[in-house]
Visitor: 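The structure's right below; bear with me while I get my questions together.
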Amino acid sequence: MAERIQAIENQAIVQLTEVKNLLELENFRVHYMGKKGLITELLQHLKDLTPEERPVFGKNLNIAKRRIEDMIAEKKTLFENLETEKKIKTDAIDVTLPGRGYARGKLHPITQVMEEVKEIFLRLGFIVESGPDIETDYYNFEALNIPKHHASRDMWSTLYVGEETLLRTHTSPVQIRVMEKKKPPLAVIAPGRVFRRDADPTHSTVFHQIEGFAVDKNITFANLKGVITAFLHAVFGKEKKVRFRPSYFPFTEPSAEVDVEWGDGWLEILGCGMIDPNVFKAVDYDPEVWSGYAFGMGIERIAMLKFGIKDIRLFFENDMRFLKQF
Amino acid sequence: MKIPISWLKEYVDIKISPEELAERLTMAGTETTARGELLELDILPNRGDLQSVIGIAREIVTILDSKLHGTKYKVLSTKEKTNVPIEVKERKLCPRYMARVIKGVKIKDSPDWMKERLVACGLRPINNIVDITNYILLEYGQPLHAFDFDKVNKIVVRKAAEGETIQTLDGTEHKLDPSILVIADSTRPIAVAGIMGGKESEVSERTQNILLESAFFDPVSTNKSSQFLKLRTESSIRFGKGVDWEGVEMALHAAAALITELAEGTICDFKADKKSFEREPKIIKVRTEAVNRILGTELSKKEIDAILKRLNFLNGIPLYRAGDIEREIDVIEEIARIYGYHKIKAKLPQEIEDNPLDRLCVKTREIMAGAGLFEVQTFSILDPQYPDRLKLRDAHLRDFIKVANPLTEEESVLRTIVLPSLLKVVDHNRRHQVDDVKIFEIGKVYYKGEPHIERMMLAGALTKTDFFFTKAAVSALLNEFGSFEFKEIKTNLLNLGKSAGIVFEGEGIGWLGELAIPIARNYDFTEPVFVFELDLELLLKNAAATKKHAPLPRFPKTDRDVAFFVKEGVTHSSILAIIRQTGGNLVEEIQLFDIYNNSRAYRITYRDPSRTLKVEEVNELHTKICDALVQKLGVELRK
C-alpha cells in the first residue's frame with residue numbers, strides 16, 4: 001500500500017507543475033483532496049488492512065496528505081500574489097495629475113498682516129476695540145490735544161464730510177472713545193480703516209492702521225519700549241535691531257519714531273509715546289495717578305516691507321493674480 | 001478618610017450641622033462630604049497632619065476659632081521593672097523610637113463602641129490589642145505596632161542585610177535588601193519599619209505580654225520601601241506623609257492607657273525614647289507688607305496675628321506642621337486659607353470685554369476663503385455715478401454721504417452698498433484677461449443719519465460659476481451660526497428667477513443671485529456674475545451664542561428612495577415641506593441625490609431616536625409620503 005501512496009504523491013508533484021491559475025488549482029485540489037479524490041479514496045482501503053497494518057498506513061497517508069496540502073497552499077499564495085500585482089498594475093494612475101475638489105480661497109495680504117499684528121497683541125493681553133470711520137473733529141483732533149487752527153493739523157490732510165465731521169485720519173480717536181467709557185487699567189488695540197487726502201505709489205486715500213495703548217498706574221516709557229520691541233521682533237524676527245528716535249506727536253509726550261534695521265540702514269515703522277496729560281484731561285483721568293503709552297502703525301507699510309511690494313495701489317486693485325500670491 | 005463626627009466632638013465643640021462643617025472644611029482646603037454623622041475627607045498630600053481625628057479637630061478649631069479639648073487618656077504605670085535593649089543603628093531614617101511594655105494582657109474582642117468606630121472608618125476589628133493600635137492610629141495619626149514581647153529579646157533598628165527575608169502579617173514572604181529599614185531582634189527582622197509587622201512576633205490569642213512601638217520613620221525611606229515591597233498600608237501612608245514628632249509620644253501613652261483599660265494589662269515602668277535630636281517649633285518671620293503684597297489684601301498686623309493665633313502659629317510653627325510650613329510664603333498661604341479665598345477681592349489686569357463683531361469677521365473670512373473665495377480690500381469711497389449704474393431705486397441706497405473736499409471725483413462719496421466696489425474688481429480683472437474671479441469683501445457701508453450710520457457687510461462676486469456654488473458658499477457661513485432659508489425675491493440688482501433673499505433666523509439679512517443683465521451691460525460683462533451681500537451685524541444679532549451637542553443616535557436608520565417627475569413650479573422646498581409634514585419626527589434627513597430636467601430623486605432617512613423601526617412601519621410611512629407627494633404636488637412617481 002505504501003507504494004500506492006508514494007505513486008499518488010509523485011503523480012501530484014508532476015501534475016502541479018502544469019497548474020496555471022487559481023481555477024486550475026482548485027480543480028487539482030478536488031482531484032486529490034475532494035470527497036471522491038484520490039487521497040480520500042485511499043482511506044477506504046483502511047478497513048481492508050489488518051489491525052497491525054492500519055496505524056502505519058494511516059500515518060503514511062496523513063503525511064502524504066499534508067504534503068499535498070502544503071504544496072497547494074504554497075501555489076495558492078503564489079497565484080494570489082501574482083493576481084494582486086496584476087491588479088495594482090492595471091489600476092495605476094498618473095500621480096502627477098492635479099488634485100480634485102474645492103480650491104481654497106485666500107485672505108487679502110492686508111488682512112493677513114492685520115491679523116498677525118492683532119494676534120501678537122492679544123497674546124500680550126490687549127483687547128480689541130473699534131470706532132467709526134466717520135468721526136467728529138473733536139475725537140479726531142481736539143481731544144487728542146490738536147486744537148483748531150494749530151500748526152500741527154497740517155500733519156494730516158483730512159477728508160471732510162461736514163463742518164464738524166470727517167473721515168478719521170488715524171485710529172487714535174478710539175483712544176478717546178474707549179477711555180471715555182472705561183476706567184483703567186486698559187490695554188487696547190484698535191485696528192481699522194483710515195482716510196487721507198493723499199495718493200501716490202506709497203500713499204493711498206484709504207488705508208489701514210492699528211492703534212494701541214495701555215493705561216495703568218506706573219506705566220513707563222520702559223514698558224512702551226518693551227512691548228514695541230517684543231512686537232517688532234515677533235513680526236520681523238528677533239535678530240533685527242530696533243531703535244527709538246525722538247519725534248513729535250501732539251498726543252504723546254515724550255514721543256518717538258521706531259525704526260527697524262533694514263539692509264544697511266533703518267526703516268521707520270511706527271510712531272509712539274507716552275500719552276499726553278492733556279489727553280487724560282479730556283477723558284477725566286487724573287494724570288497724577290495714571291500714566292500710559294500709545295502707538296500707531298500703518299498696516300500697508302508693514303505688508304509692503306514684509307512682502308516686498310513697491311506700489312500701495314496693488315492692494316486695492318485686487319488683481320486675482322496678485323491675491324493668489326499670499 | 002472617614003471620621004464619625006461624634007469622635008471629633010470629643011476634641012472640639014461642634015455646634016454647626018454636618019453639612020455646614022463639611023462646607024467649612026472644604027473651603028479651607030480639605031474637600032469634605034457629610035454622609036449623615038460621618039465625614040468623608042480628601043486629605044491633600046502636604047497635610048499629613050490632618051490624617052487623624054485630632055488633626056481634623058485641630059483644623060476645625062482653627063476654622064471655627066474655638067478651643068481644643070485636652071486628652072482623655074491617663075497612664076497609670078506600675079513599679080514593675082523590665083528591660084529591653086533598644087539600639088537604633090539608622091538614626092537618620094529613624095530619628096525617634098519609643099517603646100513601652102505592657103504585661104498580663106487578656107486578648108479578646110474589643111468593646112462594641114470601638115469596633116463600630118473602626119468599621120465606620122473602614123478598618124476590620126481583629127482583637128483588642130490590634131484594634132487599640134488601629135484606633136490610636138486613627139485618633140492620633142500615629143501608626144503603632146504591638147509585638148508579642150515573649151518572642152522578642154531585643155530591638156535593633158537597622159537596614160536589612162542582603163538575602164534576609166520576612167513573612168509579614170498578611171502572610172506574604174518578602175525578600176529584603178539593604179535599602180529597607182527593618183526592626184530586628186538579635187537574629188532576624190521582626191518588622192518592616194513603618195510598613196508592616198512580621199508574622200512570627202504577631203500578637204495572637206496566646207499573647208500575654210506586649211511591646212508597643214511608636215516611632216518617627218523617615219517619609220522618603222518609608223515610601224521607597226513601600227514601593228519596593230509593593231506594600232501600602234495605613235501605616236506606610238502616614239509615615240510617608242510625615243507624622244507628628246510629639247504625637248509619637250502622645251499616641252504611645254494613649255495606647256498604653258487604653259490597653260490597661262480594655263485588656264487588663266499593667267504598664268511597666270520601662271519607657272524607651274531614643275532621639276537623634278530635639279525638635280523645636282520653628283520661628284518664621286511674617287511681614288504684614290509681604291502678606292498684603294502677595295494676597296492683594298489690606299490686612300492689619302492685628303488681623304494677621306488673630307489668624308496666626310487660630311493656627312497656633314504664635315509661638316512658632318507647631319511640630320505637627322513642621323513638614324509643611326517652612327517659609328514665610330507657606331505661612332502666607334495659611335493666612336489666605338483661613339482668612340478665606342472668597343474674601344479676597346478679584347482684580348483683573350483689565351476688563352476682558354469681547355469684541356463679537358470682530359470675531360465674527362475673522363470667522364467669516366475663514367469660512368469664505370475655505371469655500372474657495374478670495375478676499376479683497378476695496379475703497380469705501382466711490383464715484384457718485386454708482387447708484388445710476390446699478391439702477392438703485394431705494395432712497396437710502398441712493399442718498400450717499402459726500403466728501404466735501406475730495407481729491408478726485410472718482411473717490412468722492414461714501415458707498416451705501418459694497419457691490420459696486422466688487423464689480424470694479426471684476427472689471428479690473430476682466431480687463432487684464434482674468435476671467436475666473438471669485439471674491440468677497442468684509443467692509444463697511446455708510447448711510448446718512450444723526451450721527452451717520454455705519455454697517456459691516458459681507459459681499460461677494462463670482463464669475464465662471466453658477467447660482468448653487470454661490471449659494472453653497474453663503475450657506476456654509478450661515479450654517480455655522482443658525483438656521484436659514486433662501487426665498488425668491490424681486491430686485492433690480494438681480495435677474496428675476498435667479499434672485500433670492502437670505503433669511504437668517506426669520507429675519508431678512510441680505511440677497512444673492514445673478515447680476516441683472518442691464519447692470520452687467522453697464523459694466524460690459526458678457527458672462528454671468530453671481531453676487532451677494534448681507535449685513536453681518538444682523539447675522540451677529542441673531543446668531544446662536546454656542547453650539548449644542550445632540551446625542552448620537554443609538555438605533556439604526558432606514559433609507560428609502562423616491563424618484564418622480566415634477567410639474568413646472570413645484571419647488572424643492574415645497575417637496576421637503578410635504579415630506580416633513582407627512583413623515584413627522586421619524587424623518588431624520590432628506591437628501592436630494594439626483595436632479596435631471598424635471599426628474600428628482602430623494603433619499604429619505606427614517607429613524608426613531610428611542611427604538612429600532614420595523615420594516616413594515618417604514619414601508620407604510622414611505623408609501624404614505626409618496627402618496628402625499630402625488631396628491632398634493634401632482635408628481636408622477638417613477639417606477
Side-chain angles (χ1 to χ4, degrees), chain A residues 101-112 114-115 118 125-130 132-136 157-163 165-167 182-188 191-193 195-199 204-208 214-216 300 315-321 323-324 326, chain B residues 347-355 357-359 361-362 365-366 368-381 401-408 411-414 421-422 424-426 428-429 432-444 446 451-454 456 472-473:
Chain A
Y102 267 90
R104 200 184 186 285
K106 287 183 168 189
L107 301 189
H108 195 279
I110 293 173
T111 307
Q112 291 185 27
M114 185 88 96
E115 288 302 315
K118 222 169 83 183
F126 285 69
I127 62 163
V128 179
E129 291 273 3
S130 46
D133 292 357
I134 305 171
E135 263 299 358
T136 61
S157 39
T158 311
L159 288 168
Y160 284 91
V161 297
E163 195 70 21
T165 47
L166 45 82
L167 297 177
K182 290 182 174 179
K183 292 287 157 241
L186 289 171
V188 174
R193 214 160 238 224
F195 305 80
R196 302 268 175 95
R197 203 172 176 283
D198 230 347
S204 172
T205 326
V206 177
F207 64 105
H208 299 82
V215 183
D216 202 346
E300 280 79 358
F315 288 122
F316 301 100
E317 276 177 10
N318 297 293
D319 192 299
M320 291 298 286
R321 294 163 298 180
L323 297 177
K324 282 178 180 170
F326 303 96
Chain B
K347 283 179 194 163
L348 262 183
Q350 67 173 326
E351 295 287 332
I352 319 163
E353 198 174 285
D354 205 355
N355 195 327
L357 183 60
D358 185 63
R359 279 203 300 138
C361 290
V362 170
R365 276 189 201 101
E366 282 170 8
M368 298 319 289
L373 277 62
F374 283 77
E375 190 196 19
V376 298
Q377 295 270 5
T378 63
F379 276 20
S380 27
I381 37 184
I401 299 160
K402 284 186 202 143
V403 176
N405 57 336
L407 197 61
T408 65
E411 298 165 8
S412 64
V413 303
L414 287 162
S421 304
L422 297 187
K424 216 170 142 184
V425 174
V426 175
H428 167 91
N429 276 284
H432 292 84
Q433 297 174 299
V434 183
D435 294 327
D436 187 354
V437 178
K438 294 185 173 60
I439 53 168
F440 75 97
E441 177 167 18
I442 292 172
K444 279 182 177 174
Y446 311 83
H452 295 316
I453 299 155
E454 301 179 11
M456 194 64 87

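Remember, predicted model here, so these are calculated numbers, not experimental data. By convention in this document, chain letters (A, B, ...) are assigned in the order of the sequence lines, proteins followed by strands, and residues within each chain are numbered from 1. As a basis for the values below, the full set of heavy atoms in this structure was taken, side chains included, without hydrogen atoms, waters or symmetry mates.
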Visitor: Of all residues at least two apart in sequence or in a different chain, which pass the ring-ring contact (aromatic ring centres under 6.0 Å, His included) check with B:Tyr446?
Guide: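 Expected list: none.
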Visitor: Relative to chain B, which segment of A:Phe316 carries a heavy atom at a distance below 4.5 Å: side chain, backbone, both, or neither?
Guide: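 Both the backbone and the side chain of A:Phe316 come within 4.5 Å of chain B.
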Visitor: Is there a side-chain contact between A:Leu159 and B:Glu411 (heavy atoms, below 4.5 Å)?
Guide: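 Not touching, per the 4.5 Å side-chain cut-off.
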Visitor: Taking B:Asn405, B:Val376, B:Asn355 one by one, which has the highest count of heavy-atom pairs under 4.5 Å against chain A?
Guide: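 The residue among B:Asn405, B:Val376, B:Asn355 with the greatest pair count is B:Asn405.
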Visitor: Which atoms of A:Phe126 are under 4.5 Å from chain B, going by heavy atoms: the side chain, the backbone, both sets, or neither?
Guide: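 Looking at A:Phe126, just its backbone touches chain B.
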Visitor: To the nearest 0.5 Å, what is the distance between CZ (A:Arg104) and CD (B:Glu366)?
Guide: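 Between atom CZ of A:Arg104 and atom CD of B:Glu366 there are 7.5 Å.
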Visitor: Which bit of B:Leu357 is near chain A, if near means a heavy-atom gap under 4.5 Å: side chain, backbone, both or neither?
Guide: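 B:Leu357 has no heavy atom closer than 4.5 Å to chain A.
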Visitor: Checking heavy atoms, do the side chain of B:Pro451, its backbone, both or neither come under 4.5 Å from chain A?
Guide: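 Neither the backbone nor the side chain of B:Pro451 comes within 4.5 Å of chain A.
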Visitor: Test B:Ile381 against every option in B:Thr408, B:Val413, B:Val403, B:Leu407 by the side-chain contact (heavy atoms from CB on, under 4.5 Å) rule and name the one that passes.
Guide: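 With B:Ile381 as partner, side-chain contact (heavy atoms from CB on, under 4.5 Å) holds for just one option, B:Val403.
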Visitor: Under a 4.5 Å heavy-atom cut-off, does chain B meet the side chain of A:Leu167, its backbone, both or neither?
Guide: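 When you check distances to chain B, only side chain atoms of A:Leu167 fall under 4.5 Å.
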Visitor: Backbone N or O of A:Ile110 within a donor-acceptor pair of the A:His108 side chain at under 3.5 Å?
Guide: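 At least one qualifying donor-acceptor pair exists.
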Visitor: Counting only heavy atoms closer than 4.5 Å, note whether B:Glu454 contacts chain A via side chain, backbone, both or neither.
Guide: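 For B:Glu454, the side chain is the part near chain A, not the backbone.
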Visitor: As an exercise: rank B:Lys444, B:Lys438, B:His452 by heavy-atom pairs under 4.5 Å with chain A and give me the winner.
Guide: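 Of B:Lys444, B:Lys438, B:His452, B:Lys444 has the most heavy-atom pairs under 4.5 Å with chain A.
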Visitor: For B:Glu441, is there an ion pair with A:Arg193 - N to carboxylate O distance below 4.0 angstrom?
Guide: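 Answer for the salt bridge query: yes.
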Visitor: Which region of A:Phe207, side chain (C-beta onward) or backbone (N, CA, C, O), has a non-hydrogen atom less than 4.5 Å from a non-hydrogen atom of chain B, or is it both or neither?
Guide: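 When you check distances to chain B, no heavy atom of A:Phe207 falls under 4.5 Å.
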Visitor: Answer with side chain, backbone, both or neither: which region of A:Lys182 has an atom nearer than 4.5 Å to a non-hydrogen atom of chain B?
Guide: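 For A:Lys182, the contact with chain B is made by the side chain alone.
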Visitor: Check whether A:Asp216 reaches the backbone of A:Pro184 with its side chain - one donor and one acceptor, N or O, closer than 3.5 Å.
Guide: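 No; zero donor-acceptor contacts below 3.5 Å.
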Visitor: Who among A:Val206, A:Leu323, A:Thr158 has the most heavy-atom pairs with chain B under 4.5 Å?
Guide: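 Looking at each option in turn, the highest pair count goes to A:Val206.
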Visitor: So what's closer than 4.5 Å to chain A heavy atoms on B:Ile442: side chain, backbone, both or neither?
Guide: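 Neither; nothing under 4.5 Å.
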Visitor: Kindly write out the residues that satisfy side chain to side chain donor-acceptor pair (under 3.5 Å) with B:Lys424, not counting sequence neighbours, or none if the list is empty.
Guide: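 Here no residue qualifies.
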